[in-house]
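Computed from a predicted model, the values in this text were never measured in an experiment.
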Amino acid sequence: MSPGRAGATAEDARVARTRTDVARASLDVLTTDGFDELTHARVARLAGYSKTTLYTHWPSRVDLLTMALGALGELPHHEPTGDLRADLIAELHAFRDAINDLGLDRVLMVLAQWGASVDEIGRIRTDLVADGEHIARRLLSQLAEGIRLEAAVSMLSGVVVCPTLMYGSPPDDTTVEHAIDILLAGLRAP
């Protein structure tokens, strides 16, 4: 290996470490203290880098938000088994657990608040929602299409999102199961 290549590898490792550190710090600030606290100064202090470094690579708060969401990785989903009811229940459990374990409630609040007025955040919101709903959408497409499918997916998401954001606690297993049963009965009705 040439000396030039070894230097490039070391630089690449530093860049990767910096990205990882900034992404984790951004996610920590976002999920602990919210978007208002997601500043270059706060993230730089927490990640151990200068504000200049952050502004050079991530000039806007939206860039920091994007880094934070990148630190989440892929959202957890249930692998469908073919039992529609059980699969929908398991998918909602995975969503509820992600809200609890990953701090998605804070992320969702930021995306709801800022996504309507900041185009870049709106695009981020659209992508995150599409990723979050794709399993439920595929499962429900067995029973519905078009506007009925859209309504069913919205209702399903709302089972977790509404109590979590509006009342401060996610639904318990019994609530999730009853909501699935009600939704499936409605979709199967003539």
Can you check side chain to side chain contact (heavy atoms under 4.5 Å, CB included) on Asp21 and Leu46, steps first, answer last?
-> CA-CA 9 Å; Asp21 292 345; Leu46 188 60; over 6 Å; no
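- Taking CG from Asp119 and CD1 from Ile124, the interatomic distance works out to 11.0 Å, rounded to the nearest 0.5 Å.
- From Tyr49, atom OH reaches atom CG of Leu54 across 9.5 Å, with rounding to the nearest 0.5 Å.
- Residue pairs satisfying the side chain to side chain donor-acceptor pair (under 3.5 Å) criterion with at least one member in residues 171-190, sequence neighbours excluded, are listed as follows: Arg85-Asp181, His93-Asp173, Arg96-Asp173, Asp172-Thr175.
- Residues forming a side-chain contact (heavy atoms from CB on, under 4.5 Å) with Ser60 (at least two apart in sequence, or on another chain): Val62, Asp63.
- Within a 6.0 Å radius of CD in Glu150, more than 12 heavy atoms belonging to other residues, nucleotides or ligands are found.
- Within the model, atoms CG of Asp28 and CD of Glu37 stand 12.0 Å from one another, a figure rounded to the nearest 0.5 Å.
- Under the side-chain contact (heavy atoms from CB on, under 4.5 Å) criterion, Ala41 pairs with Thr39, Lys51, sequence neighbours left out.
- A distance of 13.5 Å separates CZ of Arg125 from CH2 of Trp114, quoted to the nearest 0.5 Å.
- To the nearest 0.5 angstrom, Leu92 atom CG is 4.0 Å from Leu156 atom CG.
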For residues 100-109, which side-chain N or O atoms pair as donor and acceptor with protein atoms under 3.5 Å away, sequence neighbours left out?
unit_1, atom_1, unit_2, atom_2, d
Arg106, NH1, Asp33, O, 3.3
Arg106, NH2, Thr32, O, 3.2

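- The two atoms that bring Ser26 and Met67 nearest to each other are OG-CB, 4.5 Å, heavy atoms only.
- Within 6.0 Å of the CZ atom in Arg19, the count of heavy atoms belonging to other residues, nucleotides or ligands does not exceed 12.
- In this structure Thr56 satisfies the side-chain contact (heavy atoms from CB on, under 4.5 Å) test together with Thr52, sequence neighbours excluded.
- Ala98 approaches Pro76 most closely through the heavy-atom pair CB-CG, 3.7 Å.
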Can you give the donor-acceptor pairs under 3.5 Å from side chains of residues 126-133 to other protein atoms, not counting sequence neighbours?
unit_1, atom_1, unit_2, atom_2, d
Thr126, OG1, Gly122, O, 3.0
Glu133, OE1, Arg137, NH2, 3.1
Glu133, OE2, Ser157, OG, 3.3

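- Legend: residues meeting ring pair (Phe, Tyr, Trp, His ring centres under 6.0 Å) with Trp58, ordered by chain and number and at least two apart, are absent.
- Ring geometry, His134 versus His77: the interplanar angle exceeds 60°, so the pair is classed perpendicular (tilted spans 30 to 60°).
- A search for side-chain contact (heavy atoms from CB on, under 4.5 Å) contacts involving Asp87 returns His78, Pro80, Thr81, Leu139, not counting sequence neighbours.
- Under a 4.5 Å side-chain heavy-atom criterion applied to ILVMFWY residues, the cluster that includes Ile147 comprises that residue alone.
- Side chains of Val159 and Phe95 form no contact here, defined as non-hydrogen atoms less than 4.5 Å apart.
- The shortest non-hydrogen separation linking Pro171 to Pro163 is CD-CG, 3.9 Å.
- Residues Met166 make up the rest of the hydrophobic cluster containing Tyr167, defined by ILVMFWY side-chain heavy atoms closer than 4.5 Å, directly or through other members.
- Between the side chain of Arg148 and the backbone N or O of Leu187, at least one donor-acceptor pair lies under 3.5 Å.
- In terms of the side chain to side chain donor-acceptor pair (under 3.5 Å) criterion, residue partners of Thr53 (sequence neighbours excluded) are, by chain and number, Ser50.
- Heavy atoms only, all atoms of each residue included: Ala68 and Leu30 are closest at CB-CD2, 4.1 Å.
- In this structure the side chain of Leu149 never reaches within 4.5 angstrom of the side chain of Leu143, judged on heavy atoms.
- A heavy-atom distance below 4.5 Å is found between the side chains of Leu69 and Leu72.
- Ser154 meets the side chain to side chain donor-acceptor pair (under 3.5 Å) test with no other residue; sequence neighbours excluded.
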